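Below is one structure, written out as structure tokens; comments come after it.
Quick caveat, the model's predicted, so the values are computed rather than measured. Positions are given from 1 along the sequence. Computed over heavy atoms, backbone and side chain alike; hydrogens, waters and symmetry mates excluded.
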Amino acid sequence: QVQLVESGGALVQAGDSLRLSCAASGRTLSSYTVGWFRQAPGKEREFVVAIGRSGAISSYRDSVKGRFTISRDNAKNTVYLQMNSLKPEDTAIYYCAADASLWVTMSQSNYNYWGQGTQVTVSP
């Protein structure tokens with residue numbers, strides 16, 4: 001079983017950048033597809049992007065295309081989400097999740113392991 005811990009969330013201004021980290025323990029994260037999701041206040045949790053075991057990357061959520069980049073460092077057992085040109089509408093709790101299947105999926109129900117989330121707040 002893999003345990004996930006997100007970090008890197010902060011209060012920033014519009015236009016700033018942040019890099020979120022999803023660190024794993026218990027198992028090698030390279031054995032999992034890892035997805036990033038987010039939940040804004042009063043809204044349902046939504047898919048942002050995922051990266052597969054081989055490094056294949058899913059489509060990014062339309063609203064973050066060209067601004068967010070997912071990557072993984074297997075040596076550090078960590079997946080990252082680089083977020084540039086942040087907007088107030090990016091404000092949310094960001095979660096990473098792991099899926100042991102071979103496929104890169106956007107479906108939350110496929111992800112068995114979740115972190116506790118990290119808060120990102122973007123002020124105007």
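Between Tyr95 and Phe37, a ring centre-to-centre spacing not shorter than 6.0 Å is recorded.
In this structure, the separation between CZ on Arg38 and CD on Gln119 is 12.0 Å, given to the nearest 0.5 Å. Between the CD atom of Gln116 and the CD atom of Glu6 there is a distance of 4.5 Å, given to the nearest 0.5 Å. Atoms CD and CG, on Gln13 and Leu11 in that order, are 8.0 Å from each other to the nearest 0.5 Å. Here Asp99 contributes atom CG and Met106 contributes atom CE; the two are 13.0 Å apart, rounded to the nearest 0.5 Å. Note that OG of Ser58 and CD1 of Ile51 are 9.0 Å apart. Values are rounded to the nearest 0.5 Å. Rounding to the nearest 0.5 Å places SG of Cys22 at 9.0 Å from CD1 of Ile70.
At a cut-off of 3.5 Å, with distance as the only test, no side-chain donor of Thr28 or Ser30 sits close to an acceptor on the other residue. Judged by distance alone, the side chains of Ser17 and Asn84 do bring a donor and an acceptor atom under 3.5 Å apart. Defined by atom type and a distance below 3.5 Å, a donor-acceptor pair is missing between the side-chain atoms of Thr91 and Glu89.
Tyr60 and Tyr94 fall within a single hydrophobic cluster, where Ile, Leu, Val, Met, Phe, Trp and Tyr are joined by side-chain heavy atoms under 4.5 Å apart, directly or via other members. No single ILVMFWY cluster, assembled from side-chain heavy atoms under 4.5 Å apart, contains both Leu86 and Tyr80. Leu81 and Val5 fall into different hydrophobic clusters, where Ile, Leu, Val, Met, Phe, Trp and Tyr side chains are chained together by heavy-atom contacts under 4.5 Å. There is a path of hydrophobic side-chain contacts, each under 4.5 Å, that joins Met83 to Val49.
Each of Thr78, Val79, Leu29 was checked for a side-chain contact (heavy atoms from CB on, under 4.5 Å) with Leu4, and the lone residue meeting it is Leu29.
Checking side-chain atoms of Asn110 against main-chain N and O of Ala100 turns up no donor-acceptor pair under 3.5 Å. Tyr111 places a side-chain N or O within 3.5 Å of a backbone atom of Thr105 that can act as its donor or acceptor partner.
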Show your working on side chain to side chain contact (heavy atoms under 4.5 Å, CB included) between Arg61 and Glu46 and close with a plain yes or no. CA-CA 9 Å; Arg61 185 169 198 82; Glu46 62 187 19; 3.1 Å; yes
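Remark: Asp62 engages Lys65 in a salt bridge, criterion side-chain N to carboxylate O under 4.0 Å.
Here the closest heavy-atom approach between residue Pro88 and residue Ala14 is recorded as CD-CB, 4.1 Å. Contact record, Leu18 with Val120: CD1-CG1, 3.9 Å, taken as the closest heavy-atom pair. Contact record, Trp114 with Gln108: CZ2-O, 3.8 Å, taken as the closest heavy-atom pair.
Contact check for Trp36 versus Phe68: no side-chain heavy atoms found under the 4.5 Å cut-off.
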